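Worth saying up front: this structure is predicted, and the values here are computed from it rather than measured. So you know, we letter chains A, B, ... as the sequences are listed, proteins then strands, and number each from 1.
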2 protein chains.
Amino acid sequence: MAVNAARPAARPAARPRYERQLPEQRRQELIDATIECLKRHGHEGLSMRAIAAQAGVSLGLINHHFPNKDELIAAAYRHFNSVLVEGLKAAVPKAPASPRARLQAFLRASFSRPNLDPETLAVWVVFWGMYRHSPLIQGVHRESYQGYVQLLKDMLAQLLKAAGPRAPAVDLRLAAIGLTALLDGLWLEWCLEPASFRPAEAIALCEAWVDNLLRRPATLE
Amino acid sequence: MAVNAARPAARPAARPRYERQLPEQRRQELIDATIECLKRHGHEGLSMRAIAAQAGVSLGLINHHFPNKDELIAAAYRHFNSVLVEGLKAAVPKAPASPRARLQAFLRASFSRPNLDPETLAVWVVFWGMYRHSPLIQGVHRESYQGYVQLLKDMLAQLLKAAGPRAPAVDLRLAAIGLTALLDGLWLEWCLEPASFRPAEAIALCEAWVDNLLRRPATLE
DNA sequence: TTCGTTGTTGAACGATCGTACAACAAGCCT
DNA sequence: AGGCTTGTTGTACGATCGTTCAACAACGAA
């Protein structure tokens, strides 16, 4: 009576002990598991065994899909970056065509889930901590961050163009740097102490910054 | 002829194999070694053996002065915080009494060595990465960060007071949050990519932010 | 049904980790 | 000079780390 309940009796053995999957899909599962481990236990929980357990596979499988741990982490970092950038890029076109509304949509997306989640930001911080000593992370950062800054630059440029003839001469490069810094800094602050201010206040601060940028030629000299 | 060259012959043994030190001094040496290891090798190089080697002592000595690794790291974090805050506090009084000049001195100190050193910022990021999962780090952060924010708040308050009767009604709390975020964000950006802008530009961005704060009531609603 | 491909397992390896502890010795006191 | 305190050493232990690899098995092809 040791018949497995899943299948009648056509095969001698019960249901398969594991399911084979396409490399691409398994790779993605391992990447997701890596990020999940990072969220739950930070840098400490970033071990091959913990990742394998989180993904529900055996330890050895990771090295079948990734040559080593660093490559897995770099792949996870790449995916994490692209999810953020693509998410923000997707949020912008949903807004009205007005450059002002587009920026607001961008800010709203930046300061709401899943981007503002403390766990999410904690993952970023761990990646940043690896940055200086991991050439792989550096390479992924270069290729990903570029898209983010460009997106922000484009929005600022359109905003400036729409401001019309009274538009002051703004250093677009510096403006993008400043807005990015303000954004990232508010992210970081909120992560370290979510009680200190509300997301809406962060959005207001960023909008006020842009308003002041357009109102007057910033004294950047 | 096996006479040691250091001492004539008054004692049978050569010079002492190690030097005893007061607990307080040895503790400080271990804390310095911890930070040095963090600078050189990041989170990876943060092992008891690496720290002991950096300090020039044996492995076991650490556990004689610190109950465990976490306490050592927390002590290093506390020291790192206090050096920053005290350094900034010391830079302010050297400037002219004008609130504007005091803020400028503060910004100059923030965006110059040793605070702006990429290694220094990398150390911060590693500490931040531990924050969420280490109650010890959280405790140290609370007790240290408070002084930093208070220093910044005081400067903004004096700046506002000096602006005179035309001073707009500024939410001091939000202003401090915003300036802190801009500062930290620029720190972070410069650390990840020092070539993207010059420290002087970061200072200019912060000053422009404060200028705009005083010029007009920020539309924070 | 049988075979071959290959995704998957699980054990094993050497290295390194944090911690504990007994033995040693430097330096001060008497 | 001898004793005592205690800062310091060095080893050892068990746990866990990343990686390797031979064996297994799922599943499509023949």
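Set against D:dT8, C:dT8, C:dC17, the side chain of B:Ser58 has D:dT8 as its closest nucleotide. In this structure, the nucleotide among C:dT8, D:dA26, C:dG27 sitting nearest to the side chain of A:Gln21 is C:dT8. Closest to the A:His65 side chain, of the nucleotides D:dT19, C:dG18, C:dT8, is C:dT8. For A:Leu59, whose side chain is taken as the heavy atoms from C-beta onward, the closest listed nucleotide among D:dT9, C:dA12, C:dT9 is C:dA12.
For the segment residues 40-55 of chain B, the set of residues with a heavy atom within less than 4.0 Å of an atom of DNA chain C comprises B:Leu46, B:Ser47, B:Met48, B:Arg49, in numerical order.
Atoms CG (B:Leu30) and C1' (D:dG7) sit 12 Å apart, rounded to a whole Å. Rounded to an integer number of Å, the gap from B:Ile73 CD1 to C:dC17 P is 13 Å. For the pair A:Arg27 CZ and C:dG7 P, the interatomic distance rounds to 12 Å; values are reported in whole Å. Between the CZ atom of B:Arg26 and the P atom of D:dT9 there is a distance of 6 Å, given to the nearest Å. As a whole-Å value, the separation of A:Glu29 CD from C:dG7 P is 14 Å. Between A:Glu71 atom CD and D:dT19 atom C1' there is a gap of 14 Å when expressed in whole angstrom units. Rounded to whole Å, atom C1' of C:dT16 lies 13 Å from atom NZ of A:Lys69. Counting to the nearest Å, the C1' atom of D:dT20 and the CD1 atom of A:Ile62 are 14 Å from each other.
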Could you go through residues 142-149 of chain A and list every donor-acceptor pair under 3.5 Å that involves a side-chain atom there, pairing it with any protein atom two or more places apart or in another chain?
| from | atom 1 | to | atom 2 | distance (Å) |
| --- | --- | --- | --- | --- |
| A:Glu143 | OE2 | A:Arg78 | NE | 3.0 |
| A:Ser144 | OG | A:Val140 | O | 2.9 |

Using atom types as modelled, flag every donor-acceptor pair under 3.5 Å from a side chain in residues 44-68 of chain A to any protein atom, sequence neighbours excluded.
| from | atom 1 | to | atom 2 | distance (Å) |
| --- | --- | --- | --- | --- |
| A:Ser47 | OG | A:Ala50 | N | 3.1 |
| A:Asn68 | OD1 | A:Asp70 | N | 3.2 |
| A:Asn68 | OD1 | A:Glu71 | N | 3.0 |

Enumerate donor-acceptor pairs with a distance under 3.5 Å from any side-chain N or O in residues 172-181 of chain B to protein atoms, sequence neighbours excluded.
| from | atom 1 | to | atom 2 | distance (Å) |
| --- | --- | --- | --- | --- |
| B:Arg173 | NH1 | A:Ser196 | O | 2.7 |
| B:Arg173 | NH2 | A:Glu201 | OE1 | 3.3 |
| B:Arg173 | NH2 | A:Glu201 | OE2 | 2.6 |
| B:Thr180 | OG1 | B:Ala176 | O | 2.6 |

Let me have the donor-acceptor pairs involving side chains of residues 113-123 of chain B, under 3.5 Å, with sequence neighbours excluded, atom names and distances please.
| from | atom 1 | to | atom 2 | distance (Å) |
| --- | --- | --- | --- | --- |
| B:Arg113 | NH1 | B:Asp117 | OD1 | 3.2 |
| B:Asn115 | ND2 | B:Ala109 | O | 3.1 |
| B:Thr120 | OG1 | B:Pro114 | O | 2.9 |

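Counting only heavy atoms from C-beta outward, the side chains of A:Leu159 and A:Arg102 never approach each other to under 4.5 Å.
Proximity of B:Arg17 to the phosphate of C:dC24: no side-chain N or O atom is located under 4.0 Å from OP1 or OP2. When the side-chain nitrogen and oxygen atoms of A:His64 are compared with OP1 and OP2 of D:dT20, none of them lie within a distance under 4.0 Å.
Across the interface with DNA chain C, nearest-nucleotide mapping of B:Tyr18 and A:Pro23 shows A:Pro23 to be the residue nearer the 5′ end. Comparing A:Asp70 and B:Glu19 by the nucleotide of DNA chain D whose heavy atom lies nearest to each, the residue mapping closer to the 5' end is B:Glu19.
A donor-acceptor contact closer than 3.5 angstrom links the side chains of A:Gln28 and A:Asp32.
Not counting sequence neighbours, the partners of B:Arg26 by the salt bridge (Lys or Arg N to Asp or Glu O under 4.0 Å) test are B:Glu29.
One N or O donor and one acceptor, one from the side chain of B:Arg20 and one from the base of D:dT6, sit under 3.5 Å apart.
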